[in-house]
Asks: 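One structure is given below, represented as structure tokens, and several questions about it will come after.
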Amino acid sequence: MSTNVQQLETTKAPALDQLCVNTIRTLSIDAVQKANSGHPGAPMGLAPVAYVLWDRFLRHSPANPRWANRDRVVLSAGHASMLLYSMLHLTGYDLPLSEIEKFRQVGSKCPGHPEYNITPGVEVTTGPLGQGVANSVGMAITERWLQAHFNQPEDEIVDYRVYSICSDGDMMEGISHESAALAGHLKLSNLIWLYDSNHVSLDGPTTLAYSDDVESRFKGYHWNVLKIEDVNDLQAVEAVIRQAQQEANRPTLIIMHTHIGYGSPHKQDKSAAHGEPLGVDEVKATKRFYGWPEDAQFLIPPEVGAHLGEAVQRGKKLEADWKARFDLWARKNPELAKQWDGVMSGKLPEGWDKDVPAFPADPKGLATRESGNKVMNSIAKNLPWLIGGSADLETSNKTKIDGETSFESDSYHGRILRFGVREMGMGGILNGIAASGLRAFGGTFMVFSDYMRGAVRLAAIMELPVTYVFTHDSIAVGEDGPTHEPVEQVMSLRLIPHMRVIRPADANETAVAWKLAIESTKHPTALALTRQAVPTFDRTKYSSAEGVRKGAYVFSESQGTPAAILIGTGSELQLAVGAQEKLAIEGIHARVVSMPCWELFDEQSSEYKESVFPTAVRARVAVEAGTPIGWERYVGLEGRVVGQKQFGASGPLKDVFKKFDFTVENVVKHVKESIAAVSALESKRT
Ligand SMILES: Cc1ncc(C[n+]2csc(CCOP(=O)(O)OP(=O)(O)O)c2C)c(N)n1
């Protein structure tokens with residue numbers, strides 16, 4: 001590919017436009033150069049597209065980045081963050097130049113990759129390639145759902161578009177396949193992906209590993225596919241985006257032929273422009289090519305500032321016009337207006353949990369996936385913007401919202417999301433929905449949570465209150481065998497900062513767990529639910545399930561001072577209770593603690609923690625049908641863990657549990673061992 005200045009294409013744009021485009025480029029170049037870190041190449045190539053999109057199409061309000069009916073732009077190629085920061089700064093968001101000058105420095109509003117909650121105007125956190133495009137599908141789904149739910153025949157208050165700027169890397173990642181396929185199936189014509197096809201990725205030319213026929217691929221997904229041969233032809237860019245907007249039945253992919261590092265005499269079209277500063281001399285040479293003063297840094301010509309800054313007034317006007325429409329609509333539809341307020345503010349409607357059932361004691365009980373379904377439905381009835389579904393496991397995950405229709409291309413009001421067998425896509429889509437205000441849940445088998453882990457982690461980073469319904473939460477899955485039996489998943493979800501993992505023991509704990517998930521405003525929640533029936537404990541005999549709110553609670557007190565503490569989670573709480581009863585017969589007093597959520601327990605006061613786990617009681621046994629790694633933190637060095645160190649086995653649940661020693665007898669044995677270990681230590685001390 002050509003790389004010298006003479007061969008570079010010349011601009012076809014009028015002077016002010018060109019000045020704007022080059023300002024975007026040079027701001028990006030200068031910020032990366034100053035930080036001595038970052039990715040200048042993509043912003044240099046994409047600047048004309050960003051300029052046309054923001055200048056001629058976007059309906060946004062820089063003075064109010066969270067205006068509900070704004071168009072969304074998701075920069076899925078998060079490494080090109082300086083493109084976005086340049087646009088946000090130039091169009092008048094609260095992102096001063098001083099922040100751009102601190103690009104990639106601690107505390108800057110311009111971190112290495114765009115981060116939700118840090119930079120006004122950044123819609124979602126991106127960086128792991130592919131996630132952003134999946135988020136954009138979730139946003140487009142939300143827009144269609146909001147339209148169906150709130151718009152009235154003569155009063156429309158929702159009509160925004162969702163754009164995503166994506167790159168070769170996004171296209172290569174599997175999550176883009178999953179989410180694009182679903183977007184095509186759902187005919188999300190409000191969705192436009194702008195694909196930066198520059199034929200270069202980090203290691204070199206994309207030909208090293210990538211020869212997809214992207215056009216055919218997307219046509220196969222039922223997308224409208226358009227092309228821009230030269231993004232420096234601003235009129236062509238404008239015409240194609242306009243054409244994309246006309247499409248009424250399909251999402252649109254615009255394949256744009258661009259040059260990474262456009263204008264750099266020695267780095268254009270090379271991976272050298274991808275992920276490192278151009279270098280002082282190359283910056284100068286590039287600026288010369290742009291006709292830019294080569295020593296100027298962070299230069300914004302006044303006419304550029306004035307022109308792009310018009311977005312602020314334009315946005316205020318757009319928002320004011322919308323507000324007038326909105327007020328009229330709200331007067332006519334007061335009930336809906338209340339709901340709208342709830343969606344946009346995150347406030348739950350009054351009485352949202354009034355129908356959550358209390359489950360009567362029942363030794364036979366029911367699976368927590370079953371009780372979870374009942375609880376979820378009782379909430380869904382009073383929380384109209386709770387939507388969700390599963391990755392083709394509805395009957396297994398029990399995620400069906402009763403009496404509701406599916407969200408489909410001909411029924412966008414449906415609240416049941418059908419993700420197909422696409423866990424990764426589901427994870428990213430859920431984040432896009434949650435970032436748009438709806439309360440979203442998604443289900444799959446616990447073991448497949450690994451498939452969507454990247455998105456789960458991002459939900460935690462973004463502090464989005466997504467709820468994951470992860471059923472079949474242990475080797476108790478049984479016959480399906482080791483591939484379907486989670487061993488390390490529950491614990492590994494606990495490793496993700498800011499996550500809440502709740503593994504309720506019975507139906508009443510499940511009710512509190514669901515309530516906590518819905519009350520959460522800042523934490524994603526993973527519900528670990530059983531496939532098999534578990535007894536519903538008699539709460540007149542045992543403590544109230546409200547204890548779940550504290551993460552761990554004394555479920556069953558010992559008679560007299562406890563010699564040991566038994567900790568149970570989920571389906572294994574019953575083993576702890578069984579062991580307590582057996583030990584009591586032998587005169588060994590043990591306390592049972594139910595510990596469905598580590599994270600909530602860790603947030604409690606020292607006094608509360610001491611009241612549940614008195615320091616003096618060091619004989620402790622945790623019982624959880626998952627990896628024992630990590631439980632040391634609560635059972636201590638003399639404690640024991642009845643856990644699952646290896647992969648499971650195929651067989652009836654009872655046999656599998658027996659094979660791996662999940663029995664009351666084994667728990668009793670471990671308690672005695674722990675008591676002996678503590679005694680041995682104490683006798684050595686005396
Ligand atoms: C999931 C994921 N894998 C790897 C990376 C690291 N990475 C960042 S950019 C990049 C190359 C992407 O190339 P492309 O998307 O073509 O971007 P361009 O070179 O056009 O800037 C890679 C591998 C990442 N950010 N996310």
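Computed from heavy atoms alone, side chains included, the values below leave out hydrogens, waters and symmetry copies. Remember, it's 1-based here, ligands and their atoms both numbered in the order they're listed. Worth saying up front: this structure is predicted, and the values here are computed from it rather than measured.
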Asks: For this output row, return yes or no: ring centroids of His39 and His274 closer than 6.0 angstrom.
Replies: yes

Asks: Any atoms of ligand 1 less than 4.0 Å from a non-hydrogen atom of Ala42? List them with their elements.
Replies: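 Heavy-atom distances to Ala42 below 4.0 Å select 21 (O).
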
Asks: Quick one: sort the His257 and His199 rings into parallel, tilted or perpendicular, breaks at 30° and 60°.
Replies: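 Answer is parallel, since the angle falls under 30°.
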
Asks: Starting from atom 13 (O) of ligand 1, what is the nearest protein heavy atom, named by residue and atom, and what distance separates them?
Replies: Ser201 CB, 3.1 Å

Asks: Looking only at distance, does His274 have an N or O less than 3.5 Å from an N or O of ligand 1?
Replies: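 For ligand 1, there is an N or O atom that lies under 3.5 Å from one belonging to His274.
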
Asks: Report yes if some heavy atom in the side chain of Tyr85 is under 4.5 Å from a heavy atom in the side chain of Glu99; otherwise report no.
Replies: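 Result no, sub-4.5 Å side-chain heavy-atom pair not found.
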
Asks: Is the ring pair Tyr262/Phe289 parallel, tilted or perpendicular, if the boundaries are 30 and 60 degrees?
Replies: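 Perpendicular: the ring planes of Tyr262 and Phe289 meet at over 60°.
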
Asks: For atom 1 (C) of ligand 1, what is the nearest protein heavy atom, given as residue, atom name and distance?
Replies: Glu173 OE2, 3.2 Å

Asks: What protein heavy atom lies closest to atom 16 (O) of ligand 1? Include the residue and the distance to one decimal.
Replies: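 Protein heavy atom at minimum distance: Val200 O, 2.8 Å.
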
Asks: Checking Arg72 against Thr142: is there a side-chain donor and acceptor pair closer than 3.5 Å?
Replies: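 No pair is found: no donor N or O on one side chain lies under 3.5 Å from an acceptor on the other.
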
Asks: Suppose I only count heavy atoms of Gly169 and a 4.0 Å limit; which atoms of ligand 1 are within that range?
Replies: 14 (P), 15 (O), 16 (O)

Asks: For atom 25 (N) of ligand 1, state which one of Ser271, Ser167, Gly127, Gly261 supplies the nearest heavy atom.
Replies: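 Among Ser271, Ser167, Gly127, Gly261, the closest heavy atom to atom 25 (N) of ligand 1 comes from Gly127.
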
Asks: With rounding to the nearest 0.5 angstrom, report the OG to CD distance, Ser449 to Gln489.
Replies: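 Rounded to the nearest 0.5 Å, the OG-CD separation comes out at 5.0 Å.
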
Asks: If we set the cut-off at 4.0 Å for heavy atoms, which region of Leu202 has an atom near ligand 1: side chain, backbone, both, or neither?
Replies: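 Within the 4.0 Å criterion, Leu202 contacts ligand 1 through backbone and side-chain atoms alike.
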
Asks: Taking atom types as modelled and ignoring hydrogens, do the side chains of Ser201 and Asp168 form a donor-acceptor contact shorter than 3.5 angstrom?
Replies: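 No - no donor-acceptor pair under 3.5 Å links their side chains.
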
Asks: Under 30°, 30 to 60°, or over 60°: which ring-plane class applies to His472 and Phe445, parallel, tilted or perpendicular?
Replies: tilted

Asks: Given side-chain hydrogen bond (donor to acceptor under 3.5 Å, both in side chains), test Ser164 with Ser76 step by step and report yes or no.
Replies: CA-CA 6 Å; Ser164 183; Ser76 193; 4.6 Å; no

Asks: How far is atom 21 (O) of ligand 1 from the closest protein heavy atom, and which atom is that?
Replies: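 Closest protein heavy atom to atom 21 (O) of ligand 1: His79 NE2, 2.7 Å.
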
Asks: What do we get for His39 next to ligand 1 when only non-hydrogen atoms under 4.0 Å count, side chain, backbone, both or neither?
Replies: neither

Asks: Does atom CG (Asp281) have a neighbourhood of more than 12 heavy atoms from anything else shown, all under 6.0 Å?
Replies: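 Incorrect, the count does not exceed 12.
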
Asks: May I ask whether Gly41 places a heavy atom under 4.0 Å from ligand 1?
Replies: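 Contact check Gly41 vs ligand 1: negative.
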
Asks: If hydrogens are left out, which of Asp196, Leu129, Ile260 has an atom nearest to atom 8 (C) of ligand 1, that is, the closest non-hydrogen atom?
Replies: Leu129

Asks: Of all the non-hydrogen atoms in the protein, which one sits nearest to atom 20 (O) of ligand 1, and at what distance?
Replies: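 Closest protein heavy atom to atom 20 (O) of ligand 1: Asn198 ND2, 2.7 Å.
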
Asks: Show which atoms of ligand 1 fall inside a sub-4.0 Å distance from at least one heavy-atom site of Asp168.
Replies: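 Reading through ligand 1 atom by atom, the close ones are 15 (O), 16 (O).
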
Asks: Using protein heavy atoms only, decide if any is under 4.0 Å from atom 4 (C) of ligand 1.
Replies: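 Under 4.0 Å from atom 4 (C) of ligand 1, zero protein heavy atoms found.
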
